[in-house]
Q: 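Dumping the structure here so I can ask a few things about it.
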Amino acid sequence: MNIDILKRIGVLILLCLLQALLLNNILLFGCATPLFFIYFALSLPRNCSRSATILWCFVMGLSVDILSNTPGVTAASMTLIGAVKPPFLEIFIQHDSEENLVASPMSIGVTQYLYYAGAMILLHNIVFFTLETFSFFNFLGWLADVGGSSALTLLFVFVAANLGKR
């Protein structure tokens, strides 16, 4: 087996356990929960094929669903992230960048990374909380959940991306 695949499996297991055992118990201001497992999708390299990216993201989402008792919500939102990540990443990187580029604040710049990660996290959280509530009767509560969780997740992802490259 390739060492990169073993590393990804290890990171997948670590992030699933971190999310299920620790981060799911955090609820700031009644609306903000860090959904840090999305960092797995953001840290996949550029040369990972679209089908492999979708598969990795689906497995991550399904694992979090199993451990968190959220039937299919995370798998659906992570699969969408896996599908849009490769073309979306091309918007934020230079076209002459290396093929095995992993998006980080150091590789694409802090501002570009914040835009990239913020947009991906926001898209994920919109889908995640829409499927979770499956209703727009409490629009302000849904908006607070999406906004608060997106901001908190972006903070966690940005800190992890800066720590991971040092």
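What you are looking at is a predicted structure, and each value in this text was computed from that prediction instead of being measured.
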Q: Would you give me the side-chain donor-acceptor pairs under 3.5 Å for residues 153-161, sequence neighbours excluded?
A:
unit_1 : atom_1 : unit_2 : atom_2 : d
Thr153 : OG1    : Leu35  : N      : 2.9
Thr153 : OG1    : Ser149 : O      : 2.6

Q: Find the distance between OG1 (Thr33) and CG (Asn25) and round it off to the nearest 0.5 Å.
A: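 One finds 9.5 Å between OG1 of Thr33 and CG of Asn25.
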Q: Output all residues satisfying ring pair (Phe, Tyr, Trp, His ring centres under 6.0 Å) with Phe40, sequence neighbours left out; order by chain, then residue number.
A: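 By the ring pair (Phe, Tyr, Trp, His ring centres under 6.0 Å) rule, Phe40 matches Trp56.
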Q: Would you mind reporting whether Tyr113 and Met106 have side-chain heavy atoms less than 4.5 Å apart?
A: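 No; the side chains remain at least 4.5 Å from each other.
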Q: Side chain to side chain donor-acceptor pair (under 3.5 Å) with Asp65: which residues, sequence neighbours excluded?
A: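 Result, side chain to side chain donor-acceptor pair (under 3.5 Å) vs Asp65: Thr70, Thr74.
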Q: Are Ile54 and Leu89 co-members of a hydrophobic cluster defined by side-chain heavy atoms under 4.5 Å apart?
A: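 Result: no, two separate clusters.
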Q: Name all residues meeting the ring pair (Phe, Tyr, Trp, His ring centres under 6.0 Å) criterion together with Tyr115; count only those two or more places apart in sequence or in a different chain, and write none if there are none.
A: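 Expected list: none.
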Q: Between Asn138 and Gly141 (side chain of the first, backbone of the second, donor and acceptor by atom type, cut-off under 3.5 Å), is there such a pair?
A: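 The answer is yes, because a donor-acceptor pair under 3.5 Å joins these two groups.
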Q: Identify all side-chain donor-acceptor contacts of residues 116-126 below 3.5 Å with residues at least two apart in sequence or on another chain.
A:
unit_1 : atom_1 : unit_2 : atom_2 : d
His124 : NE2    : Ser77  : OG     : 3.1
Asn125 : ND2    : Ser150 : OG     : 2.9

Q: Using the side-chain contact (heavy atoms from CB on, under 4.5 Å) criterion, which residues pair with Ser51? Sequence neighbours excluded.
A: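 So Ser51 forms a side-chain contact (heavy atoms from CB on, under 4.5 Å) with Ser49.
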Q: So, the side chain of Arg50 versus the backbone of Ala83: is there a donor-acceptor pair under 3.5 Å, distance only?
A: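 Looks like yes, one N/O pair under 3.5 Å.
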Q: Do you know the tightest heavy-atom contact between Gly82 and Thr53?
A: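 What the structure gives for the nearest pair is O-CG2, 3.5 Å.
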Q: Taking side-chain contact (heavy atoms from CB on, under 4.5 Å) as the test, write out the residues that go with Ala76, two or more places apart.
A: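 For Ala76, the residues satisfying side-chain contact (heavy atoms from CB on, under 4.5 Å) (neighbours in sequence not counted) are Leu131.
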Q: Side chains of Leu44 and Arg8: does their closest heavy-atom pair fall under 4.5 Å?
A: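 Contact flag for Leu44/Arg8 side chains = yes.
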Q: Apply side-chain contact (heavy atoms from CB on, under 4.5 Å) to Ala32 and list each qualifying residue two or more places apart in sequence or on a separate chain.
A: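 With sequence neighbours excluded, Ala32 shows a side-chain contact (heavy atoms from CB on, under 4.5 Å) to Leu28, Leu152, given in chain and number order.
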Q: What distance separates Thr133 OG1 from Phe128 CZ, expressed to the nearest 0.5 Å?
A: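 The CZ atom of Phe128 is 10.0 Å from OG1 of Thr133, to the nearest 0.5 Å.
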Q: Compile the donor-acceptor pairs under 3.5 Å between side chains in residues 9-20 and protein atoms, sequence neighbours left out, one pair per line.
A:
unit_1 : atom_1 : unit_2 : atom_2 : d
Gln19  : OE1    : Phe36  : N      : 3.1
Gln19  : NE2    : Asn24  : OD1    : 2.7
Gln19  : NE2    : Pro34  : O      : 3.1

Q: Could you tell me if the side chain of Val110 sits less than 4.5 Å from the side chain of Pro105, heavy atoms only?
A: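 Yes, close enough: below the 4.5 Å cut-off.
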Q: How many angstroms lie between atom CE of Met60 and atom CG of Leu55, to the nearest 0.5 angstrom?
A: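 That separation rounds to 12.5 Å.
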Q: Are the side chains of Leu6 and Asn2 in contact, using a 4.5 Å heavy-atom criterion?
A: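 Counting from C-beta outward, Asn2 and Leu6 never come under 4.5 Å.
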Q: Would you mind reporting whether Lys85 and Cys48 have side-chain heavy atoms less than 4.5 Å apart?
A: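 No. Closest side-chain heavy atoms not under 4.5 Å.
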Q: Report yes or no: do Ile38 and Phe88 belong to one cluster of Ile/Leu/Val/Met/Phe/Trp/Tyr joined by side chain heavy-atom distances under 4.5 Å?
A: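 As far as the 4.5 Å side-chain criterion goes, Phe88 and Ile38 are connected within one cluster.
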